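Small disclaimer: the values here were computed from a predicted structure and weren't measured. The first residue in the sequence is number 1, and the count goes up from there.
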Amino acid sequence: QVQLVESGGGLVQAGGSLRLSCVASGRIRVVNTMGWYRQAPGNQRELVATISSGGGTNYADSVKGRFTISRDSAKNTVYLQMNSLKPEDTAVYYCNADGHDSRWLPFASWGQGTQVTVSS
């Protein structure tokens, strides 16, 4: 099995910054796409950003120009740099990764989530 662990969440004032990290571990052969999703109370889980194994990125319109996703493939780690945070960014942020395990079986895993709270 593949496990994902997030870190870096917390409380920040509007206009501030946070950097989230997520590391994948386990019987991993290769990680393909990694991404960040978020869910606020009463809302559906939504895509924030993804990054492919080749470095291609996609962002939700609501975070373009403020958030940057990056990865260190050698460490199976993905990051989300969040700048100019707004109260509406408050949510639980989840890390996601897909790929193949050591037996070349596909996997798709989620982290447990980390709370990001932006005060006004």
Side-chain angles (χ1 to χ4, degrees):
Q1 55 185 5
V2 176
Q3 300 84 37
L4 273 58
V5 179
E6 302 102 333
S7 62
L11 174 65
V12 65
Q13 290 190 328
S17 298
L18 285 173
R19 191 187 196 216
L20 306 183
S21 300
C22 171
V23 59
S25 62
R27 301 180 182 273
I28 299 171
R29 177 80 65 179
V30 63
V31 176
N32 295 324
T33 301
M34 304 186 80
W36 291 94
Y37 297 72
R38 67 187 182 186
Q39 187 169 19
N43 290 359
Q44 299 293 115
R45 186 172 299 186
E46 65 175 351
L47 172 71
V48 176
T50 63
I51 183 166
S52 70
S53 59
T57 58
N58 288 289
Y59 296 93
D61 288 342
S62 59
V63 307
K64 286 181 180 177
R66 299 188 298 121
F67 291 9
T68 302
I69 189 170
S70 61
R71 68 190 288 171
D72 184 340
S73 294
K75 298 180 178 180
N76 294 140
T77 301
V78 63
Y79 307 93
L80 186 68
Q81 179 67 47
M82 304 184 293
N83 298 326
S84 302
L85 282 162
K86 304 174 181 179
E88 50 262 46
D89 295 318
T90 296
V92 177
Y93 284 70
Y94 297 91
C95 176
N96 175 267
D98 65 70
H100 298 272
D101 67 14
S102 61
R103 298 168 60 190
W104 284 106
L105 295 175
F107 73 84
S109 297
W110 291 91
Q112 294 298 305
T114 184
Q115 177 70 47
V116 172
T117 302
V118 184
S119 62
S120 59

> So do Val48 and Tyr59 actually touch side chain to side chain, heavy atoms under 4.5 Å?
Replying inline: no
> With ILVMFWY side chains joined below 4.5 Å, transitively, what does Trp104's cluster contain besides itself?
Replying inline: Val30
> Can you name the one residue among Thr33, Asn76, Val31 that meets side chain to side chain contact (heavy atoms under 4.5 Å, CB included) with Arg71?
Replying inline: Val31
>> Once rounded to the nearest 0.5 Å, what's the spacing between atom CD of Gln13 and atom OG of Ser120?
In response: 9.0 Å
>> Tell me whether Leu20 shares a hydrophobic cluster with Val92, the cluster being built from Ile, Leu, Val, Met, Phe, Trp, Tyr side chains joined at under 4.5 Å.
In response: no
> Under 3.5 Å, is there a donor-acceptor pair linking the side chains of Asp72 and Thr77?
Replying inline: no
> Is Leu18 reachable from Tyr37 through a run of I, L, V, M, F, W or Y residues, each pair having side-chain heavy atoms under 4.5 Å apart?
Replying inline: no
> Is there a donor-acceptor pair closer than 3.5 Å between any side-chain N or O of Arg66 and the backbone N or O of Ser84?
Replying inline: yes
> Are any non-hydrogen side-chain atoms of Thr57 and Thr50 less than 4.5 angstrom apart?
Replying inline: no
> Do Met82 and Val118 sit in the same hydrophobic cluster, where Ile, Leu, Val, Met, Phe, Trp and Tyr count as joined when their side-chain heavy atoms come under 4.5 Å apart?
Replying inline: yes
> Should side-chain heavy atoms under 4.5 Å link Ile, Leu, Val, Met, Phe, Trp and Tyr, which residues sit in the same cluster as Leu105?
Replying inline: none
>> Please tell me whether Val63 and Leu80 are part of a single hydrophobic cluster in this structure, the criterion being side-chain heavy atoms less than 4.5 Å apart.
In response: yes
>> Tell me the closest heavy-atom pair linking Glu6 and Tyr94, and the distance in Å.
In response: OE2-CA, 3.5 Å
>> Can you tell me how far apart OG (Ser119) and CG (Leu11) are? Round to the nearest 0.5 Å.
In response: 5.0 Å
> Looking at Ala24 and Leu4, what are the two nearest heavy atoms and their distance?
Replying inline: CB-CD1, 3.8 Å
> Step by step, would you call Val78 with Ile51 a side-chain contact (heavy atoms from CB on, under 4.5 Å)?
Replying inline: CA-CA 8 Å; Val78 63; Ile51 183 166; 4.0 Å; yes
> With side chains defined as the heavy atoms from C-beta onward, is the minimum distance between Ser109 and Gln3 less than 4.5 Å?
Replying inline: no
> Cationic tip of Arg19 within the cone over Tyr79's six-membered ring, i.e. under 6.0 Å and within 45° of the normal?
Replying inline: yes
> According to the salt bridge (charged side-chain N to carboxylate O under 4.0 Å, His left out) rule, which pairs have a member within residues 28-54, sequence neighbours left out?
Replying inline: Arg38-Glu46, Arg38-Asp89
> Would Thr90 and Glu88 count as having a side-chain donor-acceptor pair, cut-off 3.5 Å?
Replying inline: no
>> Please report the interatomic distance SG(Cys22) to CE(Met34), rounded to the nearest 0.5 Å.
In response: 5.0 Å
> Nearest 0.5 Å, what's the OG-CG distance between Ser52 and Asn32?
Replying inline: 9.0 Å
> In terms of hydrophobic clustering (I, L, V, M, F, W, Y; side-chain heavy atoms under 4.5 Å; direct or indirect links), are Leu47 and Trp110 co-clustered?
Replying inline: yes
>> So that I know where these two stand, are Phe67 and Trp36 an aromatic pair - ring centroids less than 6.0 Å apart?
In response: no
